[in-house]
Amino acid sequence: MMLKSWRALTLWKRVFIGLFLGILIGLGLHYGLGPEKGGMIAEKWIYPFGEAFVNLIRMLVVPLIATTLVSGVITMGDPKRLGKLGARTLGLYMLTTFFAVWLGLGIGTLIQPGAGMGDLISSASGSIDAVNTRLEAGKNAGGIVDRLLAIIPTNPINALADGDVLGIIFFSVLIGVGILLVGDKGKPLAAFFDSASEVVMKVTMMVMNLAPYGVMALMAWVMGTKGLGILSSMGKLAFALYLACFLQIILVYGGLIVKTILRLPLARFFYGIADALGVAYSTASSNATLPVTISCAEHNLGVDKSIAGSVLPMGATINMDGTAIYLGIVALFAAQALGIELTMTQYVMVALTATLTSIGAAGIPSAGLLLAAVVLSVIGINEAQATVIIAFIFPFDRLLDMMRTATNVTGDVAVACTVAKWEGQLDEEVFRRKSVV
Ligand code: ASP
């Protein structure tokens with residue numbers, strides 16, 4: 001009986017129930033058995049279930065992007081439309097990031113999360129080694145020119161094997177265009193990709209049924225290992241970030257995009273993306289959430305496959321509004337803690353670097369924090385100081401990462417809906433429909 005009513009609940013409700021139960025279980029372990037024992041149980045016995053879920057969705061990222069993108073380009077029917085689509089997508093992504101970064105700087109200036117934190121920060125030595133190792137690993141990532149060049153995969157099989165999203169996008173678009181230009185002879189391949197994309201989407205929906213349990217395990221792990229301490233030591237920083245992300249979601253995506261540009265009901269938009277929000281929040285990875293994001297956009301919001309399959313993977317890689325907000329706030333946090341007065345020019349520099357860095361950040365956990373040093377350097381914070389700041393935030397970053405990832409993903413979907421509408425590829429009836437899968 002209970003099982004039946006559980007299954008009758010829409011998926012997003014089950015995901016959120018999982019999320020809250022996870023928090024309760026984690027806190028129960030942390031405070032019931034003590035941080036040591038409770039944390040150990042959460043890490044050893046609960047986290048593997050969460051990791052299994054994350055791996056299951058990550059498993060689908062490459063096949064899903066490749067098949068939906070190729071079949072999406074084919075459905076578009078005309079290679080010339082791609083240029084316009086690309087320009088609109090990039091333009092909107094830049095616009096939302098622009099709002100995000102200034103919103104973050106505004107809130108960071110108002111709330112002053114770093115004020116009086118100077119002494120606390122010097123106590124961060126515990127995590128410095130861990131941070132240093134990760135920063136070193138990140139240094140091999142190369143500069144902006146290398147990153148641009150890397151979009152062209154010299155070996156597409158390697159790109160697929162490495163899960164190199166931009167390389168896969170590039171190659172898949174070209175294959176789609178090739179199939180279109182070949183005409184009749186390309187038809188079997190077109191049918192293959194169409195069928196493959198349907199099958200991979202079906203598997204995604206199957207995996208999504210496990211989301212409530214995966215999300216529960218991930219939340220129980222975070223809370224079980226860290227407890228509520230995660231809130232108190234990061235209090236103001238977390239508050240500033242959550243507030244700015246919340247405003248970005250409500251004002252920019254909701255008010256500006258959904259209400260004003262799309263003229264569609266706000267509540268339906270949020271119902272439609274609820275699964276993706278739950279998964280993004282608990283996994284802290286836009287890449288791992290991608291299959292869910294695509295599925296929500298297509299099935300709940302009526303975004304055509306051709307748009308969902310192209311705009312969303314691109315967004316998961318380059319559009320990170322939550323990360324941009326965060327980078328701005330961390331820069332202010334550091335400046336306030338170290339007593340640096342920022343000039344207007346420095347604000348603009350922070351905004352610019354935060355935008356560029358958010359574009360370069362990978363959609364994986366902690367990516368934003370490890371890149372914070374780049375933004376800190378433009379306000380004169382040296383590498384050693386930056387490491388201390390990053391080390392201070394590092395142990396609690398998960399809580400911040402979850403919120404910025406949820407924001408990143410919401411931004412991707414809002415832009416996908418807009419591009420779809422402009423391209424005449426948004427089924428508004430599906431968007432407005434009451435029931436959500
Ligand atoms: N975890 C974020 C994401 O996947 C990136 C970041 O660390 O800011 O979207």
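Counting starts at 1 for both ligands and their atoms, following the listed order. No hydrogens, no waters, no symmetry mates; every other heavy atom, side chains included, goes into these values. Please read all numbers here as calculations on a predicted model, not as lab measurements.
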Point to revise | N or O contact, Asn287 vs ligand 1, cut-off under 3.5 Å | key: no

**Study point:** ligand 1 N/O within reach of Gly368 N/O, cut-off under 3.5 Å
**Key:** yes

Point to revise | Proximity flag Ala284 to ligand 1, non-hydrogen atoms under 4.0 Å | key: yes

Point to revise | Part of Val409 with heavy atoms under 4.0 Å of ligand 1, whether side chain, backbone, both or neither | key: neither

Check your understanding: Counting heavy atoms only, which part of Ala361 comes closer than 4.0 Å to ligand 1: side chain, backbone, both or neither?
Key -> neither

Can you list the ligand 1 atoms lying under 4.0 Å from a non-hydrogen atom of [X]?
X: Thr323; value: 5 (C), 6 (C), 8 (O)
X: Ser285; value: 4 (O)
X: Gly363; value: 3 (C), 4 (O)
X: Asn408; value: 2 (C), 3 (C), 9 (O)
X: Met320; value: 9 (O)
X: Ala367; value: 7 (O)

Review point. Given Asp321, Ile364, Leu327, which one has a non-hydrogen atom that is nearest to atom 5 (C) of ligand 1?
Key: Ile364

Exercise for review: May I ask you to decide whether Lys305 forms a salt bridge with Glu198, counting only side-chain N to carboxylate O separations under 4.0 Å?
Suggested key: yes

Review point. Should the pair Asp427-Arg433 be classified as a salt bridge under the 4.0 Å nitrogen-to-oxygen rule?
Key: no

Distance from [atom] to nearest protein heavy atom, with residue and atom:
atom: atom 2 (C) of ligand 1; result: Thr405 OG1, 3.3 Å
atom: atom 1 (N) of ligand 1; result: Asp401 OD1, 2.7 Å
atom: atom 9 (O) of ligand 1; result: Ser286 OG, 2.3 Å

Exercise for review: May I ask you to test the Val413-Phe269 pair for a side-chain heavy-atom distance under 4.5 Å?
Suggested key: yes

Review point. Is the shortest heavy-atom distance from the side chain of Gln425 to the side chain of Val419 under 4.5 Å?
Key: no

Review point. Asn300 side chain to Tyr271 main-chain N or O, any donor-acceptor pair under 3.5 Å?
Key: no

Point to revise | Ring geometry between Trp12 and Phe16 (parallel below 30°, tilted from 30 to 60°, perpendicular above 60°) | key: perpendicular

**Study point:** Point-to-point distance, once rounded to the nearest 0.5 Å, from OH of Tyr93 to OG1 of Thr418
**Key:** 9.5 Å

Exercise for review: List the steps, then state whether side chain to side chain donor-acceptor pair (under 3.5 Å) holds for Thr97 with Asn319.
Suggested key: CA-CA 7 Å; Thr97 308; Asn319 184 51; 3.3 Å; yes

Point to revise | Passing candidate, side-chain contact (heavy atoms from CB on, under 4.5 Å) with Thr204, options Met206, Met201, Lys202 | key: Met201

Exercise for review: Mind listing the closest non-hydrogen atom pair of Ala351 and Leu105 along with its distance?
Suggested key: CB-CD1, 4.0 Å

